J.: 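First the structure, then my questions, so here it is.
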Amino acid sequence: MSPSFRLGDLELRSRLIIGTGKYKSFEENRRALDASGAEMITVAVRRVDLASRGAGSLLEWIPPDQFHILPNTAGCTTAKEAVTTAQLARELLDTKLVKLEVIGDPRTLFPDTAATLEAARILVADGFTVLPYISDDPVACMRLEEMGCAAVMPLGAPIGSGLGLRNPTNLRIILESVSCPVIVDAGVGTASDAAIAMELGCTAVLMNTGIASAKDPIKMAHAMKLAVLAGRAAYEAGRMPRRLHAQASSPETGLIDLS
């Protein structure tokens with residue numbers, strides 16, 4: 001088991017965070033959560049009734065006393081909307097965690113960098129533990145860390161696309177540029193995508209559609225768990241150097257003389 005990591009006051013051992021969208025039922029979502037081994041799950045405040053705790057509610061299946069609920073501001077398009085949504089989540093869930101999302105374009109769902117920076121500044125000043133979803137822009141990630149965000153969450157590819165990591169070079173630059181946790185968010189489509197993110201040195205991976213839209217979400221959740229574990233172990237082990245030419249695996253001394 002690799003060492004734990006921190007998000008604000010929280011210490012987490014699982015480096016996989018999953019979502020709550022697109023599942024056929026809350027029961028399926030809970031089964032996927034169990035199969036993933038994740039300790040944290042993100043919930044869209046504007047799409048789920050967090051005030052409902054009774055039978056049939058999401059929080060009946062995923063109770064906050066068993067998992068860390070990470071409210072997110074999905075669906076917000078301005079800094080003001082995101083700040084208000086985060087404050088509502090704090091009231092409903094008694095948490096200062098927030099996954100900050102401010103979308104700048106409805107077609108691509110790319111984040112609005114300027115609005116994200118503005119909202120992050122307000123929320124950090126208000127005592128929130130802010131985890132901002134952001135483009136794979138190293139400078140934006142540096143600015144968010146300077147503001148006091150607990151992590152940065154660069155996208156791997158557009159939300160829900162399953163395209164995998166489109167720009168691993170930028171992710172490597174981000175990893176070199178910030179000291180806070182780097183959590184890849186969006187674009188992970190299958191287990192190898194998650195493993196690559198972890199092999200690069202990312203702290204964790206957050207995903208929703210890659211699991212929820214699989215033919216068998218429960219099996220995919222388990223596969224993602226194994227991929228994150230394998231990728232992290234490979235990162236910690238350190239990969240061999242790449243070589244242009246072949247190098248024999250067996251010793252080249254003491255060969256049998258057949259001449």
Side-chain angles (χ1 to χ4, degrees), residues 4-12 14-21 38-48 50 64 67-104 109-156 159 170-171 174-175 177-187 197 202-208:
S4 58
F5 70 102
R6 297 195 70 84
L7 291 177
D9 297 333
L10 285 180
E11 182 173 354
L12 299 170
S14 171
R15 294 174 182 272
L16 176 58
I17 304 168
I18 75 167
T20 50
E39 301 165 272
M40 177 176 282
I41 185 164
T42 186
V43 177
V45 179
R46 300 184 69 186
R47 294 171 180 151
V48 174
L50 296 178
F67 299 96
H68 300 295
I69 307 295
L70 173 60
N72 69 60
T73 62
C76 294
T77 57
T78 67
K80 183 178 181 180
E81 284 180 355
V83 169
T84 302
T85 302
Q87 291 169 338
L88 176 63
R90 180 169 61 184
E91 293 297 318
L92 291 170
L93 293 171
D94 190 26
T95 179
K96 58 183 180 180
L97 284 169
V98 63
K99 180 193 167 196
L100 173 61
E101 287 186 38
V102 186
I103 299 302
L109 299 181
F110 282 142
D112 183 322
T113 300
T116 300
L117 289 166
E118 180 185 355
R121 178 181 56 77
I122 295 169
L123 291 169
V124 168
D126 196 18
F128 280 88
T129 299
V130 181
L131 315 177
Y133 166 66
I134 192 70
S135 60
D136 56 358
D137 176 349
V139 176
C141 290
M142 290 166 60
R143 297 292 174 266
L144 289 164
E145 182 183 39
E146 290 166 0
M147 287 178 185
C149 291
V152 291
M153 307 181 77
L155 56 81
I159 292 172
N170 268 30
L171 289 175
I174 290 169
L175 287 162
S177 303
V178 302
S179 56
C180 65
V182 176
I183 302 172
V184 167
D185 181 7
C202 294
T203 307
V205 179
L206 188 151
M207 64 186 73
N208 182 73

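Atom set for the values below is all heavy atoms of this structure, side chains included, hydrogens, waters and symmetry mates excluded. Every value quoted in this text rests on a predicted model; they were computed, and no experiment measured them.
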J.: Check T203 against P181 and note the closest heavy-atom contact, atom names and distance.
T.: OG1-CA, 3.3 Å
J.: Measuring only between side-chain heavy atoms, which start at C-beta, is H68 closer than 4.5 Å to L12?
T.: yes
J.: Kindly indicate whether the side chain of L144, heavy atoms from C-beta on, has any atom under 4.5 Å from the side chain of L117.
T.: yes
J.: If you look at every heavy atom in E11 and S4, which pair is closest and at what distance?
T.: OE2-OG, 2.6 Å
J.: Are side-chain N/O atoms of E81 and T73 paired as donor and acceptor at under 3.5 Å?
T.: no
J.: K99 and side-chain hydrogen bond (donor to acceptor under 3.5 Å, both in side chains): which single residue from T42, N72, D185, T129 fits?
T.: D185
J.: Nearest 0.5 Å please: distance from the NZ atom of K96 over to the CD atom of Q87.
T.: 15.5 Å
J.: Without placing hydrogens or testing angles, list every side-chain donor-acceptor pair under 3.5 Å for residues 132-141, not counting sequence neighbours.
T.:
from: D137; atom 1: OD1; to: V139; atom 2: N; distance (Å): 2.9
from: D137; atom 1: OD1; to: A140; atom 2: N; distance (Å): 3.3

J.: Might you point out which heavy atoms bring D112 and A115 nearest each other, and give the distance in Å?
T.: OD1-N, 3.0 Å
J.: Can you name the nearest heavy-atom pair linking N208 to G19, along with the distance?
T.: OD1-C, 3.0 Å
J.: Could you check whether any side-chain heavy atom of V43 comes within less than 4.5 Å of a side-chain heavy atom of P71, counting everything from C-beta outward?
T.: no
J.: With distance as the sole test, does R46 use its side chain to make a donor-acceptor pair with the main-chain N or O of G75 at under 3.5 Å?
T.: yes
J.: Could you report the tightest heavy-atom contact between A120 and L100, atom names first, then the distance?
T.: N-CD2, 3.6 Å
J.: Would S14 and E39 count as having a side-chain donor-acceptor pair, cut-off 3.5 Å?
T.: no
J.: With a 4.5 Å heavy-atom cut-off, do L70 and L131 have their side chains touching?
T.: yes
J.: Would you say the side chain of L123 lies within less than 4.5 Å of the side chain of V83, judging by non-hydrogen atoms?
T.: yes
J.: With sequence neighbours left out, what residues match E146 under side-chain hydrogen bond (donor to acceptor under 3.5 Å, both in side chains)?
T.: R143
J.: For the pair E145 (side chain) and C180 (backbone), establish whether a donor and an acceptor sit closer than 3.5 Å, ignoring hydrogens and angles.
T.: yes
J.: So L88 and T84, do their side chains get closer than 4.5 Å, heavy atoms only?
T.: no
J.: Could you tell me which non-hydrogen atom of R90 sits nearest to which non-hydrogen atom of F128, and how far apart they are?
T.: NH1-CE1, 3.3 Å
